[in-house]
Amino acid sequence: MRTFLPTVGFLLLLLLSHYGGLTGATDAEHSLRATDSHTHRHRRHHGHRRGEEFEYSALSCRAYSASLDEFGAVGDGVTSNTAAFRDAVSQLSRFADYGGSLLFVLAGRWLTGSFNLTSHFTLFLHRDAVLLASQEESDYEVIEPLPSYGRGRDTDGGRFISLLFGSNLTDVVITGENGTIDGQGEPWWGKFKRGELKYTRPYLIEIMHSNGIQISNLTFLNSPSWHIHPVYSSNIVIQGLTILAPVTVPNTDGINPDSCTNTRIEDCYIVSGDDCIAVKSGWDQYGINYGMPTKQLLIRRLTCISPDSAVIALGSEMSGGIEDVRAEDIVAINSESGIRIKTAVGRGGYVKDVYVRGMTMKTMKYVFWMTGSYGSHPDEHYDPKALPVIQNINYQDMVAENVTMPAQLAGITGDEFTGICISNVTITLSKKPKKVLWNCTDVSGYTSGVTPEPCQLLPEKQPGTVVPCNFPEMPIPIEEVKLQRCYTRRRHM
């Protein structure tokens with residue numbers, strides 16, 4: 001027997017009592033539907049006079065749901081729906097303390113500017129739903145720079161707010177049936193290249209100072225800049241994403257966890273003109289002063305194509321520290337480098353306790369790349385005595401084909417990168433490889449079972465024997481978090 005949560009009418013009475021009366025109720029408020037959020041048994045999809053019931057997986061299920069069209073939205077690809085999205089989220093935010101709410105975006109092309117998310121909220125996109133990001137600068141509020149950066153990434157001063165934005169939130173889910181969020185970034189790319197922008201370009205999603213975030217089962221296209229940017233947040237699950245941008249357009253990073261704790265990124269396919277995943281924690285003195293590291297990060301089952309950048313980059317903005325990063329089952333195709341560590345004098349901070357294993361690469365410029373002279377700075381006030389610490393970096397069980405240069409490892413004079421371990425790695429060279437296959441300066445560590453033969457600064461630990469690098473056995477907390485099976489109803493148009 002099925003049990004539903006309290007009716008919306010009863011809930012509205014509670015709200016009226018709590019708020020002392022609500023005025024200006026819309027038709028959408030009265031059409032909010034109770035949702036069966038039971039998660040303990042599997043049920044087949046079936047028709048229903050109020051709509052088809054459907055199943056999805058989420059960190060949290062919701063008690064109530066509504067469709068975007070109920071708030072006056074028009075999915076013709078031309079009509080602006082910014083007001084409808086904002087109204088929908090505002091109305092649904094009232095249910096945060098009563099089991100949360102879900103906003104269903106039906107099939108259609110929904111043009112919108114920026115809108116804010118709310119707590120205990122799910123945004124769900126139908127498989128044929130496309131959110132089209134407005135190309136008008138006026139649809140994006142200008143907000144302050146991140147305190148750990150001190151300025152915008154593109155320009156001094158402020159930055160355009162992201163398409164989907166949230167701050168100080170709890171329990172936010174952005175998911176769907178592989179619906180699409182299209183950043184329509186081409187005009188932004190042109191303005192940036194021509195130096196016509198006064199502020200930093202918007203991202204597609206930025207969620208900051210928040211806890212409990214899920215972004216899953218969606219396709220992201222053509223962001224003006226970075227696609228997904230969780231920052232100053234914790235307990236994050238990002239899974240099942242397809243992210244596509246032209247490989248010739250820089251700064252279109254796929255996923256950038258930034259000063260975040262306990263994050264899981266898995267089962268993603270990314271094609272980008274920049275790093276597929278870039279791990280960050282603040283820029284020079286601003287990041288040092290803010291002091292919030294990225295730690296407990298798991299990346300697995302990632303496929304990346306990035307001809308001019310890295311599959312996974314650590315830095316270059318790493319001044320708050322990066323630690324306990326684990327990556328496994330990674331596929332890289334036609335990319336500049338596999339794992340790249342980027343830092344510089346003035347960064348301070350650290351990158352330590354990095355573990356990568358089970359990586360397959362084909363057509364690469366570099367397999368391993370460490371850069372100690374990635375010299376961009378926010379301003380002239382950085383501390384040239386602030387040297388980064390790079391230590392305990394572990395790579396194991398890798399195969400790479402058609403490689404131009406196995407390794408370019410350049411530490412900092414007087415600030416050696418230490419504790420590098422590379423084990424059980426086979427690299428096949430391209431038809432025209434570099435003359436120097438391993439270029440190593442200011443680094444130390446050891447190798448085991450690596451071909452071609454590494455540089456002298458990374459000697460064989462026990463010749464004739466493959467000695468594995470040390471990988472942690474205990475999982476990080478987010479690795480054991482399971483998504484719930486949730487049910488709701490969708491109304492047919």
Side-chain angles (χ1 to χ4, degrees), residues 77-78 80 82 109 111-115 130-146 148-165 180-206 219-229 231 243-256 258 270-278 280 283-284 286 305-310 313 315-317 334-336 340 342 344 365 371 373-382:
V78 178
S80 175
T82 307
R109 295 173 63 80
L111 179 66
T112 182
S114 173
F115 62 93
V130 180
L131 263 61
L132 294 172
S134 170
Q135 297 173 323
E136 300 296 328
E137 292 184 24
S138 59
D139 282 328
Y140 300 85
E141 177 187 354
V142 176
I143 59 176
E144 292 294 316
L146 292 169
S148 59
Y149 284 74
R151 51 159 287 172
R153 289 298 289 114
D154 294 344
T155 66
D156 292 334
R159 58 203 186 99
F160 289 109
I161 197 169
S162 65
L163 180 67
L164 276 61
F165 180 79
T180 299
I181 299 178
D182 186 346
Q184 300 197 107
E186 188 170 1
W188 296 94
W189 305 332
K191 290 179 182 179
F192 172 70
K193 186 175 182 178
R194 295 188 297 270
E196 296 174 358
L197 291 172
K198 295 182 180 180
Y199 307 106
T200 293
R201 290 163 289 169
Y203 309 141
L204 289 190
I205 296 178
E206 182 175 78
T219 295
F220 293 86
L221 306 175
N222 302 323
S223 178
S225 186
W226 303 348
H227 285 79
I228 313 294
H229 185 223
V231 58
I243 300 176
L244 305 175
V247 296
T248 56
V249 178
N251 309 126
T252 52
D253 303 35
I255 304 168
N256 289 6
D258 194 343
I270 303 174
V271 179
S272 176
D274 216 299
D275 303 321
C276 286
I277 295 178
K280 300 177 181 293
W283 201 3
D284 286 7
Y286 301 103
I305 299 174
S306 181
D308 292 321
S309 288
S316 75
E317 305 91 341
N334 188 24
S335 295
E336 185 175 41
R340 186 179 183 189
K342 301 186 285 188
K365 184 176 181 180
T371 307
S373 58
Y374 203 91
S376 62
H377 300 285
D379 54 45
E380 69 277 10
H381 301 300
Y382 72 93

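Numbering starts at 1 and runs along the sequence shown.
Under the 3.5 Å distance criterion, with hydrogens and angles disregarded, no donor-acceptor pair is assigned to the side chains of Asp156 and Tyr199. For the residue pair Asp284 / His377, a side-chain donor-acceptor distance below 3.5 Å is found, with atom types taken as modelled.
To the nearest 0.5 Å, the span separating CG on Leu197 from CZ on Phe192 amounts to 8.0 Å. Atom CG of residue Leu204 and atom CG of residue Leu163 lie 6.0 Å apart, to the nearest 0.5 angstrom. Note that CG of Asp182 and CG of Leu131 are 9.5 Å apart. Values are rounded to the nearest 0.5 Å. Considering CG of Asp275 and CH2 of Trp226, their distance stands at 10.0 Å, rounded to 0.5 Å. For the atom pair CD1 of Ile181 and CZ of Phe220, the computed distance is 4.0 Å after rounding to the nearest 0.5 Å. Atom OG in Ser114 sits 4.0 Å away from atom CD1 in Ile161 (nearest 0.5 Å).
Panel note: side chain Tyr140, backbone Ser134; a donor-acceptor pair is recorded below 3.5 Å. Thr200 places a side-chain N or O within donor-acceptor distance of the main-chain N or O of Asp154, the cut-off being under 3.5 Å. The backbone N or O of Thr252 lies less than 3.5 Å from no partner atom in the side chain of Ser225, so there is not a single donor-acceptor pair. Between the side chain of Ser316 and the backbone N or O of Lys342 there is no donor-acceptor pair closer than 3.5 Å. Checking side-chain atoms of Trp189 against main-chain N and O of Ser223 turns up a donor-acceptor pair under 3.5 Å. A donor-acceptor distance shorter than 3.5 angstrom exists from the side chain of His227 to the backbone of Asp253, with no hydrogens or angles considered. No donor-acceptor distance shorter than 3.5 angstrom exists from the side chain of Ser80 to the backbone of Thr112, with no hydrogens or angles considered. In this structure, Gln184 contributes its side chain and Gln135 its backbone to no donor-acceptor pair below 3.5 Å. Judged by distance alone, with hydrogens and angles left aside, the side-chain atoms of Asp139 form no donor-acceptor pair with the main-chain N or O of Gly113 at under 3.5 Å. Between the Thr180 side chain and the Val130 main chain, no donor and acceptor come within less than 3.5 Å of each other.
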Practice prompt. Mind running salt bridge (Lys or Arg N to Asp or Glu O under 4.0 Å) on Glu186 and Lys191 for me, showing each step along the way?
Written response: CA-CA 9 Å; Glu186 188 170 1; Lys191 290 179 182 179; over 6 Å; no

Worksheet item: Where do Ile255 and Ile243 land on the side-chain contact (heavy atoms from CB on, under 4.5 Å) test, with the steps shown first?
Response: CA-CA 9 Å; Ile255 304 168; Ile243 300 176; 3.7 Å; yes

Item to complete: Go through Asn256 and Ile228 one step at a time and tell me if the side-chain contact (heavy atoms from CB on, under 4.5 Å) criterion holds.
Response: CA-CA 6 Å; Asn256 289 6; Ile228 313 294; over 6 Å; no

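Figure legend: cation-pi geometry between Arg153 and Trp283, with NZ or CZ positioned under 6.0 Å from the six-membered ring centre and within 45° of its axis. Taking the centre and axis of the six-membered ring of Phe160, the NZ or CZ atom of Arg201 falls outside the cone set by 45° and 6.0 Å.
Put simply, the side chain of Trp188 does not reach to within 4.5 Å of the side chain of Glu196, judged on heavy atoms. In this structure, Tyr374 and Arg340 have side chains that are in contact, with non-hydrogen atoms separated by less than 4.5 Å. With a 4.5 Å cut-off on side-chain heavy atoms, Arg159 and Tyr203 count as touching. The shortest distance between side-chain heavy atoms of His229 and Leu146 falls below 4.5 Å. Contact annotation: the side chain of Phe115 approaches that of Leu164 to within less than 4.5 Å [non-hydrogen atoms, C-beta and beyond].
Within a 6.0 Å radius of OH in Tyr286, other residues, nucleotides and ligands contribute more than 12 heavy atoms. In Glu144, the CD atom is not crowded: 12 or fewer heavy atoms of neighbouring residues, nucleotides or ligands sit closer than 6.0 Å. Surrounding CZ of Arg151 are more than 12 heavy atoms belonging to other residues, nucleotides or ligands, all under 6.0 Å away.
Nearest heavy atom pair, residue Glu206 against residue Ile143, reads OE1-CD1, 4.4 Å. Closest heavy-atom contact between Asn334 and Ile305: O-CG2, 4.1 Å. Gly157 approaches Pro145 most closely through the heavy-atom pair O-CG, 3.0 Å. Of all the heavy atoms in Val78 and Leu111, the pair that sits closest is O-CD2, 3.2 Å. The shortest non-hydrogen separation linking Asn251 to Asp274 is N-OD2, 2.8 Å. Shortest non-hydrogen contact noted between Gly273 and Ser309 is O-OG, 4.0 Å.
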